[in-house]
2 protein chains.
Amino acid sequence: MDVIELLWGEPAGPRRGPRPTLTVGDLARAGIELADAEGLAAVTMQRVAEALGVTKMATYRYVPGKDELVALMVDTALGAPPPLDDLDGWRPKLRAWSLAMNERMQAHPWSVRATAGPRVTGPNELTWAEVALAAVDGLALDGGQKMDVIVALTSQVRSLVEQTADNSEERISATWMTILDGRGERFPHVVAALASSARHSSRDQGLTFGLDRILDGVELYLSRQ
Amino acid sequence: MDVIELLWGEPAGPRRGPRPTLTVGDLARAGIELADAEGLAAVTMQRVAEALGVTKMATYRYVPGKDELVALMVDTALGAPPPLDDLDGWRPKLRAWSLAMNERMQAHPWSVRATAGPRVTGPNELTWAEVALAAVDGLALDGGQKMDVIVALTSQVRSLVEQTADNSEERISATWMTILDGRGERFPHVVAALASSARHSSRDQGLTFGLDRILDGVELYLSRQ
DNA sequence: AGACACAGTGTACGATAGACACAGTTCGAC
DNA sequence: GTCGAACTGTGTCTATCGTACACTGTGTCT
């Protein structure tokens, strides 16, 4: 069994032998709880098994290995996308879609880090793509460009979530202050930018600013076609 | 010694005792070579030490731990940003900056994955920020917005690099085909988008499309101020 | 000259992912 | 109804990895 089969396979039919005490969903949920509470590093086969009251090796009856478990956790944590039918127009739809994705990922910040590197797209993730592509249906873009728009929005969300995952904003600022202390003359523009943004510029403002610039850019592109 | 000191500290002055046979730079370079050749997973203290002809534990005389070594590798691999002085105007500068960053990261795809999660900004990384912020100097944006623009561009580059890091484009397509095979009716828009983009839409086109949309969006925003 | 600080080594430990053999359990075929 | 095959969870074992610690040798400062 590989990742594709695990994520996409049919739920197993009636089989011989003792009934499994668990389901793959149980594993995913246990892993997600652990990751939410203590971070991705706390997710070990041992601890997932403990949480479910079985031995470490029993988990290998459900998933081929840890990587596959994490892939499952990611897709489960993402969940199904919200419906966008009640919104009118591609732009409000894409904006709501991006903000919804932000909320989901913010709830499970570890999922961004877990999806670094090559991986297989899960059913939920592909459904998110499907919904977004439906929103841009009919626009004067070819398929590649439509996907590029989705990728741009996703990148923005992922980056912002990652940036403030475990680091609180104050911690980041504090680190930068430490670094810039005594070295400010080498980075005058950084110092100036930090100074003139101290008041406002929360994380959410950064996200919406970026998203709105991208959407503006797409709108402009469409109007020029 | 912590990460900040390692990345930002002065090169050690004259000290007592035997001369170190290595430098932190040697460690970083050895790690980078390993990661370039065999991926980030191949970077173990053992193998870095082997490559340098010392024992595993000797490396701990130079770096406090593996995380710090990786942070050092990332900043070293990124290198100093190119000068943008010969370019005129914020837009060509930011575009060149983004493409330069893309090239650097593409040369060391593992660095994107290595920078997932909370980490300390290194000197080279901060210099990239400084150069980009200098490019948007004088624009009608506050410091936070300037940083938001940089973040948006960086996100775009990082995402695209990550997407095609170890996966070749063909491999990605093949995986999607496998998944969509027999499940296409559940994802009609995904199928349609893939079909109408089969011909063109290389990775680089995706990158420049996204970058140009963001820059368009910023330009529009400025013109509306 | 001698003390001290520091470099590299060797050994050891705990955590981790995972292989494998085994005992008990349930279903299907006869 | 019985028996065998398939399957589940367990226990044991191994390889790998990061890192702590004690030790030996070396070069510099007093």
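Below, chains carry the letters A, B, ... as their sequence lines are ordered, and counting in each starts from 1.
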inquiry  = Whole angstroms only, please: what is the CE-P distance between Met45(A) and dA19(C)?
reply    = 11 Å
message = Run the salt bridge (Lys or Arg N to Asp or Glu O under 4.0 Å) test against Glu125(B) and tell me which residues pass, sequence neighbours left out.
response = Arg119(B)
remark   = In whole angstroms, the gap separating P of dT16(D) from NZ of Lys66(B) amounts to 15 Å
inquiry  = Going by salt bridge (Lys or Arg N to Asp or Glu O under 4.0 Å), name the residues that satisfy it together with Arg104(A), two or more places apart in sequence or in a different chain.
reply    = none
message = With a 3.5 Å distance limit and no angle check, can you tell me whether Ser159(B) reaches the backbone of Gln156(B) through a side-chain donor-acceptor pair?
response = no
message = Tell me which pairs pass side chain to side chain donor-acceptor pair (under 3.5 Å) where either residue lies in residues 24-35 of chain A, with sequence neighbours left out.
response = Thr23(A)-Asp26(A), Asp26(A)-Arg29(A)
Show me the side-chain donor-acceptor pairs of residues 175-182 of chain A shorter than 3.5 Å, one per line, residues at least two apart or across chains.
residue: Thr175(A); atom: OG1; partner: Arg171(A); partner atom: O; Å: 2.9
residue: Thr178(A); atom: OG1; partner: Ala174(A); partner atom: O; Å: 2.9

task = Only pairs at least two apart or in different chains count here, so list each salt bridge (Lys or Arg N to Asp or Glu O under 4.0 Å) that has a residue in residues 151-161 of chain A.
result = Arg158(A)-Glu162(B)
ask   = With respect to the phosphate group of dG9(D), does any side-chain polar atom (N or O) of Thr21(A) fall under 4.0 Å of OP1 or OP2?
value = yes
inquiry  = Tell me every residue that passes salt bridge (Lys or Arg N to Asp or Glu O under 4.0 Å) with Glu38(B), counting only those two or more places apart in sequence or in another chain.
reply    = Arg47(B)
Side chains of residues 51-62 of chain A: which donor-acceptor partners sit under 3.5 Å, not counting sequence neighbours?
residue: Thr59(A); atom: OG1; partner: Lys56(A); partner atom: O; Å: 2.6
residue: Tyr62(A); atom: OH; partner: Thr21(A); partner atom: N; Å: 3.4
residue: Tyr62(A); atom: OH; partner: Leu22(A); partner atom: N; Å: 3.1

Positions of residues 48-65 of chain A (non-hydrogen atom under 4.0 Å from DNA chain D), listed by number = Val54(A), Thr55(A), Met57(A), Ala58(A), Arg61(A), Tyr62(A)
key: Spacing between Leu22(B) atom CG and dA7(C) atom P, to the nearest angstrom   = 11 Å
remark   = Secondary structure of DNA chain D per the Watson-Crick/G-U criterion (both distances under 3.5 Å; [ ] crossing, | other strand, . unpaired) is ||||||||||||||||||||||||||||||
message = Without decimals, in angstroms, what is the distance between Gln46(B) CD and dT19(D) P?
response = 14 Å
Check the interface with nucleotides 26-29 of chain D: list each N/O to N/O pair with the protein under 3.5 Å, or write none.
residue: dT28(D); atom: OP1; partner: Arg19(B); partner atom: NH2; Å: 2.3

All ring-ring contact (aromatic ring centres under 6.0 Å, His included) counterparts of His108(A), not counting sequence neighbours = Trp110(A)
ask   = Within the side chain of Trp97(B), is there an N or O that forms a donor-acceptor pair under 3.5 Å with the backbone of Ile150(B)?
value = no
For a quick test of your reading: what N or O donor-acceptor pairs under 3.5 Å do the side chains of residues 63-73 of chain A make, sequence neighbours left out?
residue: Lys66(A); atom: NZ; partner: Val43(A); partner atom: O; Å: 2.9
residue: Glu68(A); atom: OE1; partner: Gly65(A); partner atom: N; Å: 3.3

